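Here the structure comes first, spelled out in structure tokens, and everything after it is commentary.
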Protein chains: 2
Amino acid sequence: MTISQVSKRCNISPDTLRYYEKEGLLSGVGRTEGGVRNYTEQDCKQIEFIKCMRGAGLSVAVLKQYFELFKRGKRTLKARRDLLATERKSLQVRLTELQNTLSRLDYKISVYDKALKSKTKELKF
Amino acid sequence: MTISQVSKRCNISPDTLRYYEKEGLLSGVGRTEGGVRNYTEQDCKQIEFIKCMRGAGLSVAVLKQYFELFKRGKRTLKARRDLLATERKSLQVRLTELQNTLSRLDYKISVYDKALKSKTKELKF
DNA sequence: ACTTGACTTAGAGTTTACTCCAACTGCTAC
DNA sequence: GTAGCAGTTGGAGTAAACTCTAAGTCAAGT
């Protein structure tokens, strides 16, 4: 697959794909004789994984670390597991925060709806 | 309250507090005769609100817009409600995404745990 | 051979949200 | 009255994650 095909399929710009590769999140992307990137199905899966994790707030630096561990082979299995577990933990924390903020927004919107009905009072903020 | 007191209480740096004020998220912070910021309890509540919303990913620009509507008075009640509702919606979407990613991480960690037990196989990534 | 369009690289530029700096002011304590 | 500290301002600097530009290459079509 060419970069533009992967770009469309994964909905990530070619620039970003090149950037991820430069940062070491995609080490083994092959090239044609002409030097053009030739992505495999595996590459795509990995890109989807990266996209998913980036969406959840994992930094490019952490993902780089993860894939660098990978390159060092089987003996880093535990380290990778632990890295993921750490990220999982902080994701869980952020999830709970977001849930609280969602409730707070719901409450605030309900206060607005009441104020709009009574057509009299203004709010503090 | 002085800026350093608020900074401690809200756990936000004085620089950030000044930055928020400059950006219009805190319009009416009073000053002493000497020109020193003098925060009220209301100001603190507002700062907590800003912190909470920033934590949930609302941009400084959106919050600025919200407080600018506020300055225009009661006739912007509906606009403010709608702004909050829009943000609530996208927060909800992100929350669902994060939940999916959390599950994915859980699964991946379980795969690692299996691989660690059997002590034989490597993973794709 | 020549144009066209997609691709390559290195490196510069952008955006967001801070964070830091320099130069200055105004209390408070000695 | 002056040292020291907390505060002020305007503006410069930073980090992360892209995003864009310039200059060039390559393969296909005319």
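Just so it is clear, the model here is predicted, and its values are computed rather than measured. In what follows, every chain begins at residue 1, and chains take the letters A, B, ... in the order their sequences are listed.
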Using nucleotides 18-21 of chain C, report all nitrogen or oxygen pairs with the protein that are shorter than 3.5 Å.
residue : atom : partner : partner atom : Å
C/dC18  : OP2  : B/Tyr20 : OH           : 2.9
C/dC18  : OP2  : B/Arg54 : NE           : 2.8
C/dC18  : OP2  : B/Arg54 : NH2          : 3.1
C/dC20  : N4   : B/Asp15 : OD1          : 3.4

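A salt bridge is defined here as a Lys NZ or Arg NE, NH1 or NH2 lying under 4.0 Å from an Asp or Glu carboxylate O, and B/Asp113 with B/Lys117 fails to meet this definition.
Side-chain contact, A/Arg80 with B/Tyr112: a donor N or O sits under 3.5 Å from an acceptor N or O. At a cut-off of 3.5 Å, with distance as the only test, no side-chain donor of B/Gln5 or B/Arg9 sits close to an acceptor on the other residue. Under the 3.5 Å distance criterion, with hydrogens and angles disregarded, a donor-acceptor pair is assigned to the side chains of B/Thr16 and B/Ser13.
Considering every non-hydrogen atom in both A/Leu58 and A/Glu87, the closest pair reads CD1-CG, 3.5 Å. Closest non-hydrogen pair, A/Lys74 versus B/Glu122, comes out as N-OE2, 3.4 Å. Contact between B/Asn38 and B/Met1 at its shortest, heavy atoms only, is OD1-N, 3.1 Å. When all heavy atoms of B/Ala115 and B/Leu123 are compared, the closest pair comes out as CB-CD2, 4.2 Å.
Listed by chain and residue number, A/Phe125 satisfy the ring-ring contact (aromatic ring centres under 6.0 Å, His included) test with B/Phe49 (two or more places apart in sequence, or in another chain).
For the pair B/Tyr39 and B/Ile47, the minimum side-chain heavy-atom distance is below 4.5 Å. Looking at A/Arg104 and B/Met53, their side chains come closer than 4.5 Å, going by heavy atoms from C-beta outward.
Of all nucleotides in DNA chain D having an atom under 4.0 Å from a heavy atom of chain A, the first and last in 5' to 3' order are D/dA17 to D/dC26.
Computed from coordinates, the A/Arg18 CZ to C/dG11 P distance equals 16 Å when rounded to whole Å. As rounded to whole Å, 14 Å separates atom P of C/dA17 from atom CD1 of B/Ile12.
Rounded to 10 degrees, the angle between the two end axes of the helix from C/dA1-D/dT30 to C/dC30-D/dG1 is 20°, with five pairs used at each end.
For DNA chain D, the neighbouring residues in residues 27-43 of chain A, judged by any heavy atom under 4.0 Å, are A/Gly34.
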Going by atom type alone, with no hydrogens or angles, which donor-acceptor pairs under 3.5 Å involve a side-chain atom of residues 17-30 of chain B and a protein atom two or more places apart or on another chain?
residue : atom : partner : partner atom : Å
B/Glu21 : OE1  : B/Arg37 : NE           : 2.6
B/Glu21 : OE2  : B/Arg31 : NH2          : 2.1

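To the nearest 0.5 Å, atoms CD1 (B/Ile12) and CZ (B/Arg54) are separated by 10.0 Å.
Proximity of A/Thr2 to the phosphate of C/dA6: no side-chain N or O atom is located under 4.0 Å from OP1 or OP2.
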